[in-house]
A.B. asks: 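Below is one structure. I have some questions about it.
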Amino acid sequence: MHRAIGSIGGRLLRAPLSRGLTGGSAPHLWGADLASLPPPVRQFVEEGIELCQPSDVHLCDGSKEEGEALIALLREQGVLHPLPKYDNCWLARTDPRDVARVESRTVLVTERERDSVPPAPPNGEPQLGRWLSPSAMAEAQRQRFPGCMRGRRLFVIPFRMGPAGSALARAAVQLTDSAYVAASMRIMTRVGSDVLPDLRHGDFVRCLHSVGRSQTHSGDARRRSAWPCDPERTLIAHLPEELRVVSYGSGYGGNSLLGKKCLALRIASRMARDQGWLAEHMLILGVTSPSGRKHYVAAAFPSACGKTNLAMMRPALPGWSVHCVGDDIAWMKFDDDGVLRAINPERGFFGVAPGTSERTNAAAMAAVRRDTLFTNVGLRSDGAPFWEGLEDQLSPGTTLTDWRGRPWSPGSAHPCAHPNSRFCSPAANCPSMDPSWEDPRGVPIDAIIFGGRRPEGVPLVYEAFGWQHGVFVGSAMRSEATAAAEHTGRRLLHDPFAMRPFFGYNAGRYLSHWLSMSHRSGVRLPRIFHVNWFLRDPSGRFRWPGFGHNARVLAWICSRVEGEDNAREMPFGLIPREGALDLRGLPEVSYEDLFPLDRSFWEGESKELRRYYEENFGEDLPREVLEELEALEERIRKI
Ligand code: GTP
Ligand code: SPV
Ligand code: MN
């Protein structure tokens, strides 16, 4: 282990670690001296070392050499395989049991249960987060962490979420025993020693992560595995009152890259509520009309429902352009002029690979051709990655290997790439990044869009009647289950604000926080819309071509922001008047099919919503949201 990475930073220190470490021989230290760390960081690192007992410690500095050494180490460990057809790209294959976020093992820890979740539903599983008491958390940690890094290296990762110099940005530290996580964090966040001064006051989020030690796979099997994990005991815990994240047992995505869902959504949403801002599961894009007018919009769709694709889309409407600010998370705050400003706290994309192609997302294809870590995609014998929907012509003689490393051929019963396989690429590689994507002030948001996978009943686009109705629309979001978490099948899941797996506090209070934005004086509230790219015809085909054609919907949204009078009132919201939505060149789609009005559908929808709110929000549902539901029910009766 030491050999591969021994040159990191060229500053190997063999001095024993500082006072306060007990038992065993002190771990070797790579990189800078612990004593050089701001005292609160040093204390956090020393506590982690004492608890987890790593064999050596590497303080990450974010340098290029460090990145190369991490790749070399991961190759030596058998985690990364080269993809020579692309430039500096690598393939990781995980343990097949560790392939997605594990929502059933993701918890919020607060003194009072009600601060984390609304009252539990009378029967069945909680839908809006799971609570664990502090004492149960202490016990869970005691059962998992002591000595869990024995024989492994601990990486100390100082990182920043958000552009340097932004009042909205936050610095943090992650400790992890996964070199894959260390390498991925360098892409997804701003890792480097320059973050350290921002940590000196100690008010940063402390992230502790271990891939764990499986108890069922012991001895040899455990040593042989290139992807250690402990699925039986996986736990992803958030302690918002202490600004801590503690994650054990998984090396995958949102479970292990703790800056992403854990910090930037769960912990940040709680901070945002206390401090009067918003931390949301939203892409941010800028859309420019042929006349040069530009608007920024933020859009919340559940996992694997099209955020990355919309954020990077190449408009199918001549003269329009779309630029990407972020593809997954938005931190937003009203500025002194009352303008809602948004930053992307991330620095890279952790995007769904299947379905990504030159046709659907050329910008992503350009981004992933260099400096990218792929996880669980297939492999072509010519050294390129492969996945379902890539739409590449294979030259004769090219053979394929599936995500588990087994030979694969087209037509096989299993997909070549795992449905939740991902690319992890620096945002700067994306040719359509917005010139302001790293502007520390953020970009001004004119519209907010909600959406989900709705095979029937929900039209292509509608506008909310106002802010309060818009918050209701967000709370009423539903979508078909996807492979991004452990759910299976085509079930419709409720997913308020696309935040169901990511609320950092009681979801009822979250809705109140959103409603409270309209009580502020002097703010310009964005307009709110709902979209659905996923209507299906009776044969199961999508009614809407999607992707670049979604620009047609963005164009109507821009026209509304600019105050055009081109909408028609429906019971559920405002839809484009016939002709106001540009459908030219799409002979196969009909306006009527895209804007259904079916009384029995909306009756069923509102009945289900009422049941859902009652069971899951109980008395924590804001009165205004219930009023909006009642108003909808009333309008439906009049259809
Ligand atoms: P997360 O990273 O999990 O948060 O997902 P995401 O919301 O960024 O979803 P993404 O853009 O990666 O899309 C997920 C899947 O939906 C991919 O397979 C896409 O090809 C598909 N998809 C995206 N946009 C459209 C669309 O407009 N129409 C159709 N039919 N499919 C789409
Ligand atoms: C999501 O599931 O919404 C993702 C992927 O963006 S993960 O980082 O694994 O959460
Ligand atoms: Mn996401």
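Keep in mind that this is a model prediction, so the values were computed, not measured. Order of appearance sets the numbers: ligands from 1, and atoms from 1 within every ligand.
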A.B. asks: Parallel, tilted or perpendicular, judged at 30° and 60°: which one describes the rings of Tyr505 and Tyr510?
C.D. replies: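 Geometry flag for Tyr510 against Tyr505: tilted rings.
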
A.B. asks: Under 6.0 Å from the ring centre and within 45 degrees of the ring axis: does the NZ or CZ of Arg206 meet both conditions for the six-membered ring of Phe204?
C.D. replies: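 Here Arg206 passes the 6.0 Å and 45° test against Phe204.
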
A.B. asks: Do any of the N/O/S atoms of Lys307, backbone or side chain, fall under 2.8 Å from the Mn ion (ligand 3)?
C.D. replies: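 Within the cut-off used here (under 2.8 Å), Lys307 places no N, O or S atom near the Mn ion (ligand 3).
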
A.B. asks: Measure from the Mn ion (ligand 3) to every N/O/S atom of His281 and report the name of the nearest one.
C.D. replies: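 Nearest to the Mn ion (ligand 3) within His281's N, O and S set: NE2.
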
A.B. asks: Output the set of protein residues with a heavy-atom contact under 4.0 Å to ligand 1, ordered first by chain identifier and then by residue number.
C.D. replies: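 If the criterion is a heavy atom under 4.0 Å, then ligand 1 touches His281, Pro302, Ser303, Ala304, Cys305, Gly306, Lys307, Thr308, Asn309, Asp328, Phe350, Val352, Pro354, Gly355, Arg422, Arg453, Trp533, Phe534, Phe542, Gly546, Phe547, Asn550.
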
A.B. asks: The Mn ion (ligand 3) is nearest to which N, O or S atom of Asp328?
C.D. replies: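 In Asp328, the heteroatom (N, O or S) nearest the Mn ion (ligand 3) is OD1.
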
A.B. asks: Does even one non-hydrogen atom of Arg422 get within less than 4.0 Å of ligand 2?
C.D. replies: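 It does; at least one heavy atom falls under 4.0 Å.
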
A.B. asks: Looking only at non-hydrogen atoms, which of Lys261, Glu346, Lys307 approaches atom 4 (C) of ligand 2 most closely?
C.D. replies: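 Minimum heavy-atom distance to atom 4 (C) of ligand 2 goes to Lys261.
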
A.B. asks: Minimum distance, heavy atoms only, to atom 1 (C) of ligand 2: which one of Pro302, Cys424, Ser303 is it?
C.D. replies: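 Among Pro302, Cys424, Ser303, the closest heavy atom to atom 1 (C) of ligand 2 comes from Ser303.
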
A.B. asks: Ignoring angles and geometry beyond distance, decide whether Lys260 reaches within less than 3.5 Å of ligand 2 through its nitrogen or oxygen atoms.
C.D. replies: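 It does not: no N or O of Lys260 is found under 3.5 Å from an N or O of ligand 2.
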
A.B. asks: Would you check whether His281 has a nitrogen or oxygen atom less than 3.5 angstrom from a nitrogen or oxygen atom of ligand 2?
C.D. replies: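 Yes, since at least one N or O of His281 sits under 3.5 Å from an N or O of ligand 2.
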
A.B. asks: Is there a donor-acceptor contact under 3.5 Å linking the side chains of Asp446 and His295?
C.D. replies: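 Looking only at side-chain atoms, His295 and Asp446 do form a donor-acceptor pair, the distance falling under 3.5 Å.
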
A.B. asks: To check your reading of the model: name the closest protein heavy atom to atom 7 (S) of ligand 2, its residue, and the distance in Å.
C.D. replies: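 Nearest neighbour among protein heavy atoms for atom 7 (S) of ligand 2, to 0.1 Å: Gly254 N, 3.5 Å.
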
